[in-house]
Novice: 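Here's a structure for you.
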Amino acid sequence: MHPFSFVEVESAEAAINALEADGNAVFFAGGTTLIDLMKLDVLTPEVLVDVNRMAFASIQTTADGVSIGANVRNSDLAHDRVIRDRYPVLSEALLSGASAQLRNMASTAGNLLQRTRCLYFRDVNAGCNKRRPGSGCDALTGVNRSHALLGTSDACIATNPSDMCVAMAALEAVIHTQRQDGTTRAIPLADFYLLPGNTPERETVLEKRELITHVQLPNDEIGRRSHYLKVRDRASYEFALASAAVAWELDGGIIKRARVALGGIATVPWRSKEAETVLTGKPAATATYVKAAEAALEGAVPREHNAFKIELAKRTLVEALEELGRN
Ligand code: SF4
């Protein structure tokens, strides 16, 4: 691991200024991804700006919904009573992620910025456009079983690894930030992530010295009837091969409104408006779910080892909807 210095800050302003003072500084919260990648020499920051002493560590109910501080730990968020009651899909997604120890450390903002698990990204000897722009993508012709089917490009097919963000996509979460000049932004999660295109090294719309302060979950009753289903190689401490976050409002067995987001199969947390359109106005029944799953995966582009995930993702979505119907 490369030597680095450690700076503790107590305010958003101090955090942003610390980043400004050193071009190779990064924010440090839980460190559950950052430290791994530093040990592998994938990331070599010279300064870690510890943001753990800042505020932004509470979950607050507001007139607009629920505000989740950037420093709220994944485990605290998952077990929060309001989250469990009003947004069960988020609690379930969080509890399906990583391990209990990691959830105790991982922060909300850190989870939003979680890096891909692509093994070529984590190997400094491999070609990887995301880690070293212009060096190629060894995953295209290599082992790509866990890679993405949706939102890919010829430059990168890495999967977004987060469970939390898939649930937040279905809930239409809004990410709030602060910039160096003191201005703030509210960025809908749907606009927060960038598809890889020709610049896979750029993963979000965040500017260089922009700090996530909190995430807002809208005040929408649809969250109360929601569910997350994750399919993976083993029951714990494993990333999704496919996952589905679903929510709906029913009226006499008819789906009035639906939300669908998919994980484990796309380069960003994948909201499927196509599936939602199929579901809306239809009976809550298996035949409807199957049609929605077909629509959700219509644009999938398989690679040598991951074609099986098309069928797996469809079945995951169908089963998630079946389970939601049984809840
Ligand atoms: Fe790098 Fe993306 Fe290719 Fe993986 S898929 S090697 S992250 S460019």
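We count ligands from 1, going down the list as the structure has it; atoms in each ligand are counted the same way.
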Novice: Using a strict cut-off of 4.0 Å, indicate which atoms of ligand 1 neighbour a heavy atom of Cys137.
Specialist: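 The atoms of ligand 1 under 4.0 Å from a heavy atom of Cys137 are 3 (Fe), 5 (S), 6 (S), 8 (S).
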Novice: Could you tell me which atoms of ligand 1, counted from 1 in the order shown, lie closer than 4.0 angstrom to a heavy atom of Ala155?
Specialist: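 The list of qualifying atoms is 8 (S).
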Novice: Just by distance, with hydrogens left out, do Asn17 and Glu20 show a side-chain donor and acceptor under 3.5 Å apart?
Specialist: no
Novice: Suppose I only count heavy atoms of Phe121 and a 4.0 Å limit; which atoms of ligand 1 are within that range?
Specialist: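 Those atoms are 7 (S).
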Novice: Looking only at the side chains, is there a donor atom on one of Asn160 and Ser162 sitting less than 3.5 Å from an acceptor on the other?
Specialist: no
Novice: side-chain contact (heavy atoms from CB on, under 4.5 Å) with Val66: which of Ile83, Asp80, Leu77?
Specialist: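 When side-chain contact (heavy atoms from CB on, under 4.5 Å) is applied between Val66 and each of Ile83, Asp80, Leu77, only Ile83 qualifies.
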Novice: Which atoms from ligand 1 have a heavy atom of Gly127 less than 4.0 Å away?
Specialist: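 Near Gly127, meaning under 4.0 Å from one of its heavy atoms, ligand 1 has 6 (S).
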Novice: With a cut-off of 2.8 Å, does any N, O or S atom of Cys118 fall short of it relative to atom 4 (Fe) of ligand 1?
Specialist: yes
Novice: Inspect the contact between Asp191 and Arg185 and indicate whether a charged nitrogen and a carboxylate oxygen are less than 4.0 angstrom apart.
Specialist: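 Judged by the 4.0 Å cut-off on N to carboxylate O distance, Arg185 and Asp191 do not form a salt bridge.
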Novice: Less than 4.0 angstrom from a charged side-chain N to a carboxylate O is my criterion; do Arg315 and Glu311 meet it?
Specialist: yes
Novice: What protein heavy atom sits nearest atom 1 (Fe) of ligand 1, and how far off is it?
Specialist: Cys128 SG, 2.3 Å
Novice: Quick test of your reading of the model: are Lys230 and Glu238 salt-bridged, counting only N-O distances below 4.0 Å?
Specialist: no
Novice: For atom 2 (Fe) of ligand 1, what's the nearest protein heavy atom and its distance?
Specialist: Cys156 SG, 2.4 Å
Novice: Can you find a non-hydrogen atom of Ala126 under 4.0 Å from ligand 1?
Specialist: no
Novice: So which heavy atom in the protein is nearest atom 6 (S) of ligand 1, and how far is it from that ligand atom?
Specialist: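 Answer for atom 6 (S) of ligand 1: Tyr120 CB, 3.4 Å.
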Novice: For the backbone of Ser226 and the side chain of Tyr87, can you confirm whether one donor and one acceptor N or O come within less than 3.5 Å of each other?
Specialist: no
